[in-house]
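Computed from a predicted structure; not experimentally measured. Lettering follows sequence order; numbering is per chain, from 1.
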Amino acid sequence: MNGDSVISIEGATKTFRDFWLRPTVNAVDGLSLEVRKGEVFGLLGPNGSGKSTTIKLILGLLAPTLGRISVFGLSPRAVAARAKIGYLPELSYLHPFLTARETIMYYAGLCNLSRSVAAERTRELLKMVKLEDVSNRVVSGFSKGMARRVALASALVGKPELLILDEPTSGLDPVSTKEVKTLVKALAKNGMTVLMTSHLLADAEDVCDRVMILDRGKSVAEGRVAELGESLEEFFLAKVGNADEFVLADFLA
Amino acid sequence: MNSFWRIFSLEFTAFVRSKSLAMLLAASVAWMFVAPIVFGGDGTEEGARQLTVHYSLGGVAALLSVVLLSSATGSIAAERASRRLQLTLVRPVRYTSIVIAKTAALTFAGAIVLAAAACVELVRQPLSRPCRHVLSPVLPTPQEEARAMYEAFVNDPSTSDAIKKTKKSVVLRFLAQRAFDRYETVGTNETAVWSFALPRDMALGAGAMSGMCARLRFTNDYDMRQDVRGWLAFDDGESLWSGCVSNITKAVVEVPLAASPADGERTPGALSFRNEGKSGLMLRPRRDVNLLVRADGFGWNLLRAYFELVAVFALLVSFGMFLGSALGRPVALFAAIAALVVSEMSPSVIEQYPDELEKDAIDAIGLHITRAVAAMTHPVSSIEPMAKLAEDTCVERREVVRVLVADMLLAPLVFAFLSSLVMPRKTYD
C-alpha cells in the first residue's frame, strides 16, 4: 500500500454460509484493488457480481472470510476510519418520522459536529440538494428522488474524505442524474476520493477515472476508462455476457 | 457524547412520533382510575387501599415491562431488517454507545409513563401515611446452618442411603432449604429470644421507636391457627418496649409495643416472647418473626419504589436490546418473553422441587437450568416494590441503591458490551 492509497483490498473473499455454516456462495472471490486519494473509482458489474458486498466489506458491515482490507491504513471498523467515510446506500433507508432537516442533523450529530456547526452545514446541504423549501416535511412523504437527495446530503454532512456511492443515480430523473454526476466531479476536483458502483455504464464513463469490472465476485478487468476501449459498454458485454443478457438484467434491476 | 444524545433523541422521537408514548400514557392513566373499580377490595379500608395500590400501579408497571421489552427487541432488530442500522454503524460511533443510547431513551420513555401513573397515586393517597421498616432476626444464614448440620445429618442412621450417596453440594442445598423453614418450639411458660440489629438511623430513642410493632405468624403451611397468649418485649438499648398477645384469632398478629419500666437483666436488641398459653407454639424465626419500626411517609416510599421499577425497566430494555442485536425480532421477542416467564416461575419451581435427589436425569437437568435462571434473576425477582408499597413496608434505601447500581448501571453496560460484540457479526446483506 502506498501513501496515496485510501482503500486497499488484498485477496478478499467473502463466503456466505447457511444456518448450518455450510458455504452457500462466494460473493467476493479473491478480490484485490486499490483506490488512490482524489480519484473516482467505479465498480461495475451485473446484478449479483459482488459490488455491494465489496462496498460492505470496505465499510466494515461485513468481515472478509479471507484476505485483508484497510481504509486509510486502518481496519474498516476502526472509529477513526469511519470518521472519514460518507456512504450513500443503494436505497435511501431514511427514518420515516424525521424531517429532511432532522435527518441531516441526526447524521451530523453522529459525525460529532457541534449543534451550531451541524445546523450551518445542514443549511448548506439542503440548499445544495435543493430541498430548502421542504426541509421541515417528514421524509416519509418524499418521492424516491427527493429521499435520494436527502440521503446524499446525509452522506456528505461530515465532510468525508472518502465518499462511497452505491448506485448514486438510481431513482433519479435525468436532470437530477446530471446534477449528481456534476457534483461527484466537483467533489473529486476538491480532493475527495469517490468509490461508486453502477450498472449504468454511461454514468461510469462520465465520471470515473478508473473502473473495475466484477463478475461472480471476481475482477475481470481493471483500468482507466480510456484504456478499456472506445466503448465501455462493448468492453463490459464482451467480458461478462452477451447483449441480450445484459439488457434483461438491466430491465429486471 | 454528541452522537450519544443524537441516538437517544432519535429513539425517543421515534417513540413519541409513532404515538406509542401518548397511547401508553393514556392507557396507564386510565388504568389507574379503572383498577380501583375492578379490584374493589375485601370490604375493609386497608384491603381496598392495598389492592388499589398493588393492582393499579402494579398493572402499569407490568404493562410497561412488556411494552418496553417488545420495543427494545425491535429497536435494533427492526432497524437492521429495514437496513437503517447500517447507516448508523458506518458512522464514527462506538457500537456500545448506540446500544446504551437506545436503552437510555426507552427507559426514559418508560420512566415518564410510570411517573404519570405515580402522580395519580400520589394525589389519592395521603403522602404522610407512615411506612415501616421490616426487620428480621439476626441469625446465621441458612447455608451456614446447613454446613453445621451436615455431619450430623449424614451420620444419622435414619438418613436414607440414597441421600448419603448424593453429592455434598446437593445435600447442603437441601439442608439450607430445611434451615430456612426450620421451626422453633416455644413451650408453655418458656421464653424465646431473637436478636435484632437496628440500623443506625432507627436507633434514635423513644421518638423514632414510637409505633413499633412485633409481627408474629402463628401458622404453618396448612393454616392451622392457635390460641396464643403471652408477652412480647423489646430492648432497644435505652428503653424496654412491651406488649401483650391475647387470644388471637388471626394467623398473623401485629403487637404494638409500648414503653414500659425496665428492670432486671437488659439485652439490647433482643425481642423476647414468653408463652403463657395452654400449649406450646411453633414458628419459623426466618419467616415468622419481624420487628416493624416506623419509617418515613408514603410519598418517599413511592419515590423509592419508582426508582426500583425504573431500574428494572433499564434491565429489561438492555436485555431486549441484546437479544435484538443477536437475533431477528420475532425470535428475540419470543426468547425475551420465555426468559421473563422462566425467571418469574423459577423461585416457585425450586420451592416445589427443593432437591434433585430423584433419579430422573431430565428432571435434574430442568432443575439445574431453573436454578441457574433463578440465581441470575434473583436481584430482580427478590425485590417487590409494589407489594411493599401496598403493605406500607419501607422500600429500603440500601436496596434501591443496590438495584440502581446492578440493574440500571452494570447490567446495561454488560448487555451493551455483549451487543457490541454481536452487532458487527450479523450479516448486513
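Chain B forms more heavy-atom pairs under 4.5 Å with one residue of Pro96(A), Pro76(A), Ala80(A) than with any other, namely Pro96(A).
Side-chain contact check for Val90(B) versus Leu61(A): some heavy-atom pair is nearer than 4.5 Å. A heavy-atom distance below 4.5 Å is found between the side chains of Tyr87(A) and Gln86(B).
With a 4.5 angstrom heavy-atom cutoff, Thr88(B) touches chain A via backbone and side-chain atoms both. Interface residue Ser92(A): only backbone heavy atoms are found under 4.5 Å from chain B. Proximity to chain B is absent for every atom of Leu88(A), based on heavy atoms less than 4.5 angstrom apart. Contacts between Ile7(B) and chain A at a heavy-atom distance below 4.5 Å involve backbone atoms as well as side-chain atoms. At a 4.5 Å heavy-atom cutoff, the contact between Val157(A) and chain B is made by side-chain atoms alone. In this structure, the portions of Ala83(A) lying under 4.5 Å from any heavy atom of chain B include both its backbone and its side chain.
Residue Arg17(A) places its CZ atom among more than 12 non-hydrogen atoms of other residues, nucleotides or ligands, all under 6.0 Å distant. Within a 6.0 Å sphere centred on CE of Met128(A), other residues, nucleotides and ligands contribute more than 12 heavy atoms. Annotation for Arg137(A): atom CZ counts as buried by contact number, over 12 foreign heavy atoms lying within 6.0 Å. Other residues, nucleotides and ligands contribute over 12 non-hydrogen atoms within 6.0 Å of the CZ atom of Phe142(A). Other residues, nucleotides and ligands contribute more than 12 heavy atoms inside 6.0 Å of the CG atom of Asp18(A). The environment of Phe97(A) atom CZ is dense: over 12 non-hydrogen atoms of other residues, nucleotides or ligands sit within 6.0 angstrom.
Taking OH from Tyr93(A) and CZ from Arg83(B), the interatomic distance works out to 4.0 Å, rounded to the nearest 0.5 Å. Considering CZ of Arg91(B) and CG of Leu59(A), their distance stands at 10.0 Å, rounded to 0.5 Å. Taking OG of Ser82(B) as the start and NE2 of His95(A) as the end, the distance is 7.5 Å to the nearest 0.5 Å.
Nearest heavy-atom pair across Pro92(B) and Val79(A) is CB-O, 3.7 Å. For the residue pair Val93(B) and Leu110(A), the shortest heavy atom distance occurs at CG2-O, 3.7 Å.
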Problem - Verdict with supporting geometry, Leu87(B) and Tyr106(A), side chain to side chain contact (heavy atoms under 4.5 Å, CB included) - result: CA-CA 11 Å; Leu87(B) 290 178; Tyr106(A) 169 66; over 6 Å; no
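In terms of modelled atom types and a separation under 3.5 Å, the side chain of Arg82(A) and the main chain of Leu89(B) share a donor-acceptor contact. Using modelled atom types, one side-chain atom of Arg84(B) and one backbone atom of Leu94(A) make a donor-acceptor pair closer than 3.5 Å.
Using a 4.0 Å cut-off between charged side-chain N and carboxylate O, Arg17(B) and Glu102(A) make a salt bridge.
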